[in-house]
Amino acid sequence: MSKPLESAATARVAELRQRIDQANHRYYVLDDPEVPDAEYDRWMRELEELEAAHPELVTADSPTRRVGARAQGGFAEVRHALPMLSLSNAFEQPGDSDRERFAELADFVARVEHTTGRRDPLFAAEPKLDGLAMSLRYEHGVLVQAATRGDGESGEDVTANVRTIHAIPMRLRGSGWPGELEVRGEVIMLRKDFEAFNARVRTHGGKPLANPRNAAAGSLRQLDPAVTARRRLSFFAYALGVVEGGTLPDTHCATLQLFRQWGFPVSPEVDLARGFAGLVAYYRRLGGKRDALPYDIDGVVYKLDDYAGQQEMGFVARAPRWALAQKFPAQEQLTTVEAIEIQIGRTGAATPVARLAPVPVAGVVVANATLHNADQVARLDVRVGDTVIVRRAGDVIPEVVRVLPERRPARSVPWHMPSVCPVCGSALLREEGVSAWRCSGGLVCPAQRREALVHFASRRALDIDGLGERYIDGLVDQGMVHSPADLYALTVERFVAMKQAIDERDGTTPETVKRGKVATRWAENLVAAIDASRDTTLARFLFGLGIMHIGESTAKMLAAWLGRLANVRTMPAAVLRVLPDVGDAVAESIAGFFAQPGNQQAVDALLAAGVQCRDETAPSPALHGRLDLGVLLGGRHIAQLSPARAATLVSRYPTLDALLAAGEEAWTAAGLPSAAADNLAALLADVGQLDALRRDEAAMHDLLAQVPADAGVAQAPLAGQTFVLTGSLSSLTREQAKARLETLGAKVAGSVSSKTTVVVAGEAAGSKLDKATELGVPIWGEAQLLACLAEHSA
DNA sequence: ATACCTCGAGTTCG
DNA sequence: CTCGAGGTAT
């Protein structure tokens, strides 16, 4: 073997190891990768080849040695020289003030203040990672042993597996570390690595892991380190164990700083917090970020920062008195599915809902969770009797995450959508290519009638204050109300009778004595609220009718463009189609609704009951130029007759009569291709089609005739601008802000896009603000909004 | 035809 | 809040 070659290899090996260690450090500790994965892989391969060719160059801490040999028959026991302690836990409690809600935390701070004699002491606050506690022993800077926490006294030797974790340095960086050093921290799996792992399992078959914590624990207990190596684990250091030889800082934060220098990842969320108020603020801040963190946490840990103070505090049993874990309410829980029921919505949509054994999740007891639709049930394969994981997605809505198949009872059967509506017995049908099943019973179905009434009375519709679902149920059940108009005939006496009936049925209120009087007062208020709802706006009225596809925004548009209820209820689909945001589906929905005699009667009944749209007005002048015979033809989707060609033709022959009188030859002479002319002629030759067109044309003329001759075009100051509101404002509600912006002609949308003019961010603004920053949409504070409103509304 | 953008509808609990 | 579907712009 020639000497020069040998030394070249030695140098290259050293260089590669140094580069690989540096890349790991950038990636895991600094969270700032600079080397592409492919490059990193090339280095690893080259190093492996060199070490294979020169076995004498292999060292225990080489990056290639991360994956070692399979453990034989389990893991050796390791006694911890210094026990790995547990922490006292504190939980949030119900209460009105922070002192009540965080009583245990307040006690903790008071104890620290009392013992150390300092007011508002300084704490290190850090996330409580949901993983596996681990102790790492380094001798002269080299990792020699890794042990799990176990029972705190002794754990298992998982060194071979821990070596595969790239976030953990095999050799400490820098200098000045003690000759013997124990670093403690948490092995976790990042959410993205967890998702990736389960995604791979799903495609390749195998058992998915329940959560990142189990994933980390399971991975470390693999006998074959090669298996562990394929699961990407991470590590964060947070405490010292045994230390010999070397001086150490005198605060916890300074220690964490040293950990960083030595090459350990330390959570970037660690912060200093002063006194009770500081700790509560940190808890809230981290709680708010919880879902956005790259890993799961189950709470916050507070440690008195200076070691002298810690020494004074000492220990109780096996927990330090200078530290406390404040736990978040659990956000995922196991429970069982007791039934899967169908809910019928206002439009007849049949939604499967899981009835669950009640279980506390993130602070509230959850008993129901939506399963959205039949496809979702099939995807999850949820069955009655299953054990499932539930969580509150984002902030509130409970959802079934997945089923634990290993806990499924024998003889369970897959769930299927029933063929008939459980409420009215009508058939449940599914339209082609749509995921929702619908009850075909229409207003015959009591569930749909009930939902229609709830919608009619709701705040954004007729706004009948105090008429909630419970009383609507009572009214419907006792046959007092069948359609919205019936509400206006109700009297105080009838309400009292209804309330007594349902109170008795439901097991009544204890205030039997006062009830007569109280119920009367309640009924009087309700009758007054119903009376007040008679005075309403066209948009609210249209929205309240509950026409499919007509939400609040479309209702406002209809009111603004058509002006009068009479126009909306008589306008054919072809005319409605020209309105903005109205296509075939929406136009047919409106025209179809008013084509039903029952619906027309319901509207007449409401008007007869005294309901008035106080803001009826003339149709929008903008209809001119948008509405002519051309769009009526274009909307019929005649082959070869594009809207553009229809427009050219109609500019010559603006009425049906003119068109018919001119004849097919004249049309082609005017530039219409003969195929289009043939199709048009065929259409007009059909008596039924021609009649329909004549009716459309008449309705169109009637509408246009209502537009005032002098179109007083006073441009609204904010016309054409789209605002998005996020967070809460202090001087007015979002509802009010929206209303005021709309009176100035602005549109207020629900989500941010490149078309948004400005985003108004109030207190505790959410994801919309991030989106705005990302898209470079201007962001206003409350002050700028108020200034804008003041400027224009003078 | 395709890609965005909006709107509508449904949802839980206190 | 999220999903799905309708509408519109490209």
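So you know, we letter chains A, B, ... as the sequences are listed, proteins then strands, and number each from 1. If you're wondering where the values come from, they're calculated on a predicted model, not measured in any experiment.
At the phosphate of B:dT11, neither OP1 nor OP2 sits under 4.0 Å from any side-chain N or O atom of A:Asn368. A close approach under 4.0 Å does not occur between any side-chain nitrogen or oxygen of A:Ser553 and OP1 or OP2 of B:dT6. Proximity of A:Thr370 to the phosphate of B:dT12: no side-chain N or O atom is located under 4.0 Å from OP1 or OP2.
Ranking B:dC7, B:dT12, C:dG6 by closeness to the A:Ala585 side chain, first place goes to C:dG6. Of the candidates B:dT12, C:dG7, B:dG10, the closest approach to any side-chain atom of A:Arg346 belongs to B:dG10. Closest to the A:Thr347 side chain, of the nucleotides B:dC13, B:dG10, C:dG6, is B:dG10. Ranking B:dC7, B:dG10, B:dT11 by closeness to the A:Gln343 side chain, first place goes to B:dT11. Of the listed nucleotides (C:dG6, C:dT8, B:dC13), C:dT8 has the atom at the smallest distance from the side chain of A:Asp581. The side chain of A:Val353 approaches B:dT12 more closely than any other nucleotide in the set B:dT12, B:dG8, C:dG7. Nearest nucleotide to the A:Thr351 side chain, out of B:dC7, B:dC13, B:dT11: B:dT11.
Counting to the nearest Å, the P atom of C:dT2 and the NE2 atom of A:His372 are 11 Å from each other. Between the P atom of B:dT11 and the CD atom of A:Gln376 lies a distance of 13 Å, rounded to the nearest Å. Counting to the nearest Å, the P atom of C:dG4 and the CH2 atom of A:Trp437 are 17 Å from each other. Atom CD1 in A:Ile590 sits roughly 14 Å away from atom P in C:dG6 (whole-Å rounding).
Of the charged side-chain nitrogens involved, at least one lies within less than 4.0 Å of a carboxylate oxygen, so that A:Arg636 and A:Asp696 count as a salt-bridged pair. Ionic pairing of A:Asp615 and A:Arg564 is not present here: no N-O contact between side-chain nitrogen and carboxylate oxygen is shorter than 4.0 angstrom.
Take the nearest nucleotide of DNA chain B for A:Ala369 and for A:Gly546: the residue whose nucleotide is more 5' is A:Gly546.
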Q.
Please determine whether side chain to side chain contact (heavy atoms under 4.5 Å, CB included) holds for the pair A:Asp581 and A:Val586, giving the CA-CA distance in whole Å, both sets of side-chain angles, and the decisive distance to 0.1 Å.
A. CA-CA 8 Å; A:Asp581 305 324; A:Val586 174; over 6 Å; no
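Ring orientation note: the planes of A:Phe723 and A:Trp780 are nearly perpendicular, at an angle over 60° on the 30°/60° scale.
The side-chain hydrogen bond (donor to acceptor under 3.5 Å, both in side chains) search around A:Glu469 returns A:Arg450, not counting sequence neighbours.
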